[in-house]
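Inspection log for the structure reproduced underneath, given as structure tokens.
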Amino acid sequence: QVQLVESGGGLVQPGGSLRLSCAASGSISSIYAMGWYRQVPGKQRELVAAITSGGSTNYADSVKGRFTISRDNAKNTVYLQMNSLKPEDAAVYYCKADSVRTLSGGYYPLIWGQGTQVTVSS
């Protein structure tokens, strides 16, 4: 069974930085894409950034130039470096993995992490 575990959330002042990590556990063969989404109460969950196994990236317009997504395929881990944080960046950030294949032949089309809270406040 594959699970995603996020870490790195917390409280930061406006203009500060945080680095989120998401590690996929299990005997994984490949993950096509990994990404970060965020959600605040009363609003739809939205894409922040995503990265494919080939290194192609996609960012929300609101975070371009401030956030950087990267991944370590050997560790099955994706990172989100968040700089110049703004109050509107505050949300629960969720890790997502798409098209996960295991060494035993299992296939998971979509897996979500439990979420990590990011608070931006002075």
Cationic N near anionic O, under 4.0 Å, Asp89 to Lys86: no
Test item: Glu6 side-chain N/O and Cys22 main-chain N/O as donor-acceptor pair under 3.5 Å: no
Same cluster (ILVMFWY, side-chain, under 4.5 Å), Met34 and Ile111: yes
Atom CD of Gln3 with >12 non-hydrogen neighbours under 6.0 angstrom: no
Partners meeting ring pair (Phe, Tyr, Trp, His ring centres under 6.0 Å) with Tyr37 (sequence neighbours left out): Trp112
Pair Ser104-Thr102, side-chain donor/acceptor within less than 3.5 Å: yes
Heavy atoms of other groups near Gln44 CD, more than 12 under 6.0 Å: no
Any side-chain heavy-atom pair of Ser121 and Leu11 under 4.5 Å: yes
Minimum-distance pair of heavy atoms, taken over all atoms of Ser17 and Asn83: OG-OD1, 2.9 Å
Heavy-atom donor-acceptor pair, Arg101 side chain to Ser29 backbone, under 3.5 Å: no
Min side-chain heavy-atom separation Cys95-Val78 under 4.5 Å: yes
Same cluster (ILVMFWY, side-chain, under 4.5 Å), Tyr107 and Ile31: no
Considering all heavy atoms, the nearest Ala24-Leu4 contact: CB-CD2, 3.5 Å
hydrophobic_cluster_shared for Leu18 and Val92, side chain cutoff 4.5 Å: no
Interatomic spacing from OG in Ser27 to CG in Asn76 - rounded to 0.5 Å: 10.0 Å
Over all atoms of both residues, closest heavy-atom pair of Ala90 and Val120: CB-N, 3.9 Å
CG-CG distance between Asp98 and Leu110, expressed to the nearest 0.5 angstrom: 5.5 Å
Backbone N/O of Ala97 and side chain of Tyr108: donor-acceptor pair under 3.5 Å: no
Cluster check Val12, Val63: I/L/V/M/F/W/Y, side chain < 4.5 angstrom: yes
Nearest-0.5 Å distance that lies between atom CD1 in Ile69 and atom CH2 in Trp36: 8.0 Å
Ser122 versus Pro14, closest heavy-atom pair with distance: N-CD, 3.8 Å
Hydrophobic cluster membership, Leu20 vs Phe67, 4.5 Å side-chain cutoff: yes
Least distance between heavy atoms, Ser21 atom then Tyr79 atom: OG-CD2, 3.3 Å
Closest non-hydrogen atom pair between Arg38 and Ser62, with its separation: NH2-OG, 3.4 Å
Arg66 vs Met82 side-chain heavy atoms within contact, under 4.5 Å: no
